[in-house]
There are 2 protein chains.
Amino acid sequence: MTKRKFLGEFEQVVLLAVIRMAGDGYGMAIRREIEERTGRGVSIGAIYATLERLEAKGYVGSRSGSPSPERGGRARRHFAISAEGRTALQRSRDMLGSMWDGVDLEQPDSEGQEVA
Amino acid sequence: MTKRKFLGEFEQVVLLAVIRMAGDGYGMAIRREIEERTGRGVSIGAIYATLERLEAKGYVGSRSGSPSPERGGRARRHFAISAEGRTALQRSRDMLGSMWDGVDLEQPDSEGQEVA
DNA sequence: GCCCGTAGTTCTATTTTGTAGAACAATTCC
DNA sequence: GGAATTGTTCTACAAAATAGAACTACGGGC
């Protein structure tokens, strides 16, 4: 179990959704947030699997919501980011950022070396 | 072979390195670029596997260098990004960007809902 | 022409992530 | 109790990430 230094692509997305929901996010809502914000369709299974992994790594914590919500349906499981989660996100952002630094996608490579 | 809509985390990094090297990047140099720029250690196998995948998806093209380089050692295989590669990079950047939008890592969640 | 060093790429194997959707669980309202 | 509703868990598999050993191809001496 070599500890990975950077978050996976989807892990980043999910973790950001968790932050956005300010500790009140839960599976279905997190999914909605991602879909609305990015237009990316995601299955519910993908969300939970990722959340599960993030929790195993200590990047998020979860607590189950009030047992009897006034609305029917099963209790929610709320997720909140941890300090380590924040750090991990920062690390990933900075790493990617350093690769993006100075890159301009509109322009072809300085030398015009593009390929078909 | 369901075509993925977004690049993987490492795919992004490698693709950015390819752009940076302006069409003259090759395995070992791409690796060096990533390590120097990000401090992230990467195995050579990881680089090639990823480059291979990017090529299969049409995001980069490759051509082998001059058969008789004035330096000894095997011929290089140069990689250059394609128009589709650029588009893919843009898509991934925008998607992630929309999730980052407005997020401030220094601040705990608006509600202070952090977890141990 | 054959070894040696050097520079590079391929190959093999395995773990971790990403993905989907069906199954299951818990609650309210009739 | 049964249906509707809301949500989570489970099962299965594909794709991406990762490492490092093996292999290839060249130049330079001798």
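A, B, ... follow the sequence lines: proteins, then strands. Residue 1 opens every chain. Values reported hereafter were calculated over all heavy atoms of this structure, with side chains retained and with hydrogens, waters and symmetry mates removed.
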From B/R86 CZ over to B/I81 CD1, what is the distance, rounded to the nearest 0.5 angstrom?
-> 5.5 Å
Between CG of A/L51 and C1' of C/dG18 the distance, given in whole Å, is 14 Å
Is the distance from OP1 or OP2 of C/dT17 to the nearest side-chain N or O of A/R53 less than 4.0 Å?
-> no
Distance in angstrom units between A/R74 CZ and C/dA23 P, rounded = 16 Å
Think B/R31 has a side-chain N or O under 4.0 angstrom from the OP1 or OP2 of D/dT18?
-> no
Can you find a side chain N or O atom of A/R4 that sits less than 4.0 Å from OP1 or OP2 on C/dT15?
-> no
Closest to side chain of A/S43, choosing from C/dA20, D/dT18, D/dT9 | C/dA20
D/dG7 P sits how many Å from A/I30 CD1, rounded?
-> 12 Å
Upstream residue (5' side of DNA chain C) when A/F6 and A/G73 are each assigned their closest nucleotide | A/F6
Can you tell me if the side-chain N/O atoms of B/K5 get under 4.0 Å from OP1 or OP2 in D/dA15?
-> no
Base, sugar-phosphate alone, or nothing: which one does A/G8 contact when heavy atoms must sit under 4.0 Å apart?
-> sugar-phosphate
With heavy atoms under 4.0 Å as the rule, sort B/G45 into base, sugar-phosphate or nothing.
-> base
Nearest-Å distance, CG (B/L7) to P (D/dA15)?
-> 15 Å
Looking at side-chain heavy atoms only, is the closest gap between A/R20 and B/D101 below 4.5 Å?
-> yes
Can you tell me if the side-chain N/O atoms of B/R71 get under 4.0 Å from OP1 or OP2 in C/dG8?
-> yes
Tell me, with the steps shown, if B/R77 and B/E55 meet salt bridge (Lys or Arg N to Asp or Glu O under 4.0 Å).
-> CA-CA 12 Å; B/R77 187 169 156 212; B/E55 188 167 40; 2.7 Å; yes
Check whether any side-chain nitrogen or oxygen of A/R76 sits under 4.0 Å from OP1 or OP2 of C/dA26, and answer yes or no.
-> no
The residue, A/A75 or A/F10, whose nearest nucleotide of DNA chain C is more 5′ is A/F10
Per B/K57 side chain, nearest of listed nucleotides D/dA16, C/dG8, C/dT17 = D/dA16
Is the closest side-chain heavy-atom distance between B/Y59 and B/L51 below 4.5 Å?
-> no
Minimum side-chain heavy-atom gap B/V42-B/F10 below 4.5 Å = yes
Would you tell me if any nitrogen or oxygen in the side chain of B/R40 comes within less than 4.0 Å of OP1 or OP2 on D/dT18?
-> yes
